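This report refers to the structure that appears directly beneath it.
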Amino acid sequence: MKSCREATRLMSESQERNLLLREQASLKLHLAMCAPCRNFSKQMQMLRRISRSYTEGGPEKTEE
Ligand SMILES: [Zn+2]
């Protein structure tokens with residue numbers, strides 16, 4: 001079983017490269033069983049979305 005440390009390492013590496021299928025699989029498995037890592041993963045996705053929206057030209061447009 002992957003440790004939390006390994007799982008967080010894979011999550012941050014996934015920002016920079018495509019994970020191998022077996023890395024994705026073990027990460028998914030870990031996230032399915034580990035709530036703290038799930039939360040971390042969610043936060044990371046949120047940060048990623050925010051920083052991406054800035055690099056694409058500012059915060060998301062609001063509907064009027
Ligand atoms: Zn964990």
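Heads up: numbering here begins at 1 and tracks the sequence. For ligands, and for the atoms within them, numbers begin at 1 and follow the listed sequence. Predicted, not measured: the structure shown is a model, and the values here were computed from it.
Applying the side-chain hydrogen bond (donor to acceptor under 3.5 Å, both in side chains) test between Glu23 and each of Lys28, Arg17, Arg9 identifies Arg17 as the sole match. Considering Ser3, Ser41, Cys37 in turn, Cys37 is the only one that fulfils the side-chain contact (heavy atoms from CB on, under 4.5 Å) rule with His30.
Listed by chain and number, Cys4 SG, His30 NE2, Cys34 SG, Cys37 SG are the protein N/O/S atoms closer than 2.8 Å to the Zn ion (ligand 1), with waters left out.
Under the 4.5 Å side-chain heavy-atom criterion for ILVMFWY residues, a single connected hydrophobic cluster contains both Phe40 and Leu19.
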Worksheet item: Yes or no on side chain to side chain contact (heavy atoms under 4.5 Å, CB included) for Ser26 and Leu10, after CA distance, side-chain angles and deciding distance?
Response: CA-CA 10 Å; Ser26 58; Leu10 285 178; 4.2 Å; yes

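Cys34 is listed as a side-chain neighbour of Cys4, based on a closest heavy-atom distance under 4.5 Å.
Taking CD from Glu13 and CG from Leu20, the interatomic distance works out to 9.5 Å, rounded to the nearest 0.5 Å.
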